[in-house]
Amino acid sequence: MRFIDLAAQQQRIRDNIETRLRAVLDHGQYIMGPEVGELEARLAAFSNTKHAIACSSGTDALLLALMAYGIGPGDAVITTPFTFIAPAEAIALLGAIPVFVDIDPITFNIDPASIASIIECFSGNTTTRPGPVPSKIRQKKPKLRGIIAVDLFGMPANYSPIINMAREAGLFVIEDAAQSFGSEYFGRKACSLADCGCTSFFPAKPLGAYGDAGMCFTDSDELAARIRSLSIHGQGADRYENISVGINGRLDTMQAAVLLAKLELFPEELVLRQEIAGFYNQLLGDNSSPVVCPTIPDGYFSSWAQYSVLSRDGIERSKLQGKLKEEGIPTAIYYPKPLHLQRAFAELGYTQGDFPVSESCAERIFSLPMHPYLKEEDQERIATVLKKISSREFATQ
Ligand SMILES: *Cc1c(COP(=O)(O)O)cnc(C)c1O
């Protein structure tokens, strides 16, 4: 059994991929070939945004969005500690300070109420507690500029309150949709839920290339123009005019060709993922289950990048993962260590206990195999193994 089965997917569209790649070999425009523009147009339409700008990875998409907002030293940007390092990394790479906020225990996404208290703290309101903003950060008096919310495991963050707070405080909001391409929030598509949406086409993401790839989405003409320029070394009207310092952040044509071929399957794959998640819920959602299944609140549609469950504690998680491994069933932990406790961010001054929900989830969470081609009998076997352990080993606890 595989955790993510890219081979099963390739089997279905191998001819299409080869045709697309052969076309690139024939025209030879490996950088900014016609497939890049075609992909941008298709995905802007898919996500219902005015602009889509292809770029080299999800991480670069975040970096480019922050650069387009002029983020640099002296700035602070709010983000979640319970995710992949990329959003906090992009903030820090530009010399700005990532300010962490705890997550909601049900959705694992950034908690709007906690964002509100951080905004108050930054507004200099001395009647409120400083909250978990370390004194090391407060002493630097950074200017709060924006928020990066992450759509973890494929489910959008709760954008309505986040956008309202941001508008009031004059902050921008970036949607890290690296895991959520194809998902929806009250009828609106991921990547269109904030001022700028950033996604990744890393091979294991819901829509994956055969290498690194990403995209920025926005309705703002001005922001789109800045992101596009920054992704080509800050290029101006022509190739050797530079209007700002940018990066080499383009998407290469081969990856665009692969993505166009895979896009044909994508809507159907979203439905399949939905069915697989539903079947897991059915198998593991009762009292005899040793794990808590994910909850998708009303109004949300997840792209199910991961199916992540919570065990009772860290010891139980190790036992469950160990038994599954013995049976040849792969699992993974997203994420074993919250970002505020990573050595990379040690100098920000955060400590254990600052974000109890993130810390507890990091100890208890693990992900089961999830991809559109997972077989029912495999899911049944996973549930049987989990429930057998739960009845034997945890019965006396
Ligand atoms: C994968 C991921 C990224 C980074 O994407 P890359 O294409 O690997 O650079 C950013 N944020 C989140 C939440 C991710 O899961």
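In listed order, ligands and their atoms are each counted from 1.
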Visitor: Which label fits Tyr335 and Phe82: parallel for a plane angle under 30°, tilted from 30 to 60°, or perpendicular past 60°?
Guide: perpendicular
Visitor: Near Asp238 CG, under 6.0 Å, is it more than 12 heavy atoms from other residues, nucleotides or ligands?
Guide: yes
Visitor: For atom 10 (C) of ligand 1, what's the nearest protein heavy-atom neighbour? Residue, atom name and distance, please.
Guide: Ala86 CB, 3.4 Å
Visitor: Answer with yes or no whether the side chains of Asn281 and Tyr307 bring together a donor and an acceptor at under 3.5 Å.
Guide: yes
Visitor: Can you confirm whether Glu241 is buried at CD, in the sense that more than 12 heavy atoms of other residues, nucleotides or ligands lie under 6.0 Å from that atom?
Guide: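 More than 12 heavy atoms, drawn from other residues, nucleotides or ligands, come within 6.0 Å of this atom.
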Visitor: Verify whether the ring centers belonging to Phe186 and Tyr159 lie closer than 6.0 Å.
Guide: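 Between Phe186 and Tyr159, the centre distance exceeds or equals 6.0 Å.
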Visitor: For atom 1 (C) of ligand 1, what is the closest protein heavy atom, and at what distance to 0.1 Å?
Guide: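 Nearest protein contact, heavy atoms only, for atom 1 (C) of ligand 1 is Lys205 NZ, 1.6 Å.
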Visitor: Looking only at heavy atoms, is any part of Thr83 under 4.0 Å from ligand 1, and if so is it the side chain, the backbone, or both, or is it neither?
Guide: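 Side chain only.
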Visitor: Pick one: which of Glu268, Glu269, Glu264 meets salt bridge (Lys or Arg N to Asp or Glu O under 4.0 Å) with Arg12?
Guide: Glu268
Visitor: For Gly58, counting its heavy atoms only, list the atoms of ligand 1 lying under 4.0 Å from any of them.
Guide: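 So the atoms of ligand 1 that pass are 5 (O), 6 (P), 7 (O), 9 (O).
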Visitor: For atom 4 (C) of ligand 1, grab the closest protein heavy atom and report residue, atom and distance to one decimal in Å.
Guide: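 Nearest protein contact, heavy atoms only, for atom 4 (C) of ligand 1 is Thr59 OG1, 3.5 Å.
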Visitor: Check each atom of ligand 1 against the heavy atoms of Ser57 and keep those under 4.0 Å away; list them by number with element.
Guide: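 Near Ser57, meaning under 4.0 Å from one of its heavy atoms, ligand 1 has 7 (O), 9 (O).
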Visitor: Under 4.0 Å from a heavy atom of Ser200: give me the atoms of ligand 1 that qualify, with their elements.
Guide: 5 (O), 6 (P), 7 (O)
Visitor: List every atom of ligand 1 that sits less than 4.0 Å from any heavy atom of Val150, numbering the atoms from 1 in the order shown and giving each element.
Guide: 13 (C)
Visitor: Counting from 1, what ligand 1 atoms have a heavy atom of Gln179 closer than 4.0 Å?
Guide: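 In order of numbering, the contacting atoms are 13 (C), 14 (C), 15 (O).
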Visitor: Looking only at protein heavy atoms, which one is nearest to atom 11 (N) of ligand 1, and what is the separation?
Guide: Asp176 OD2, 2.7 Å
Visitor: Taking all non-hydrogen atoms of both residues into account, name the closest pair between Val150 and Ala157 and its distance.
Guide: O-CB, 3.9 Å
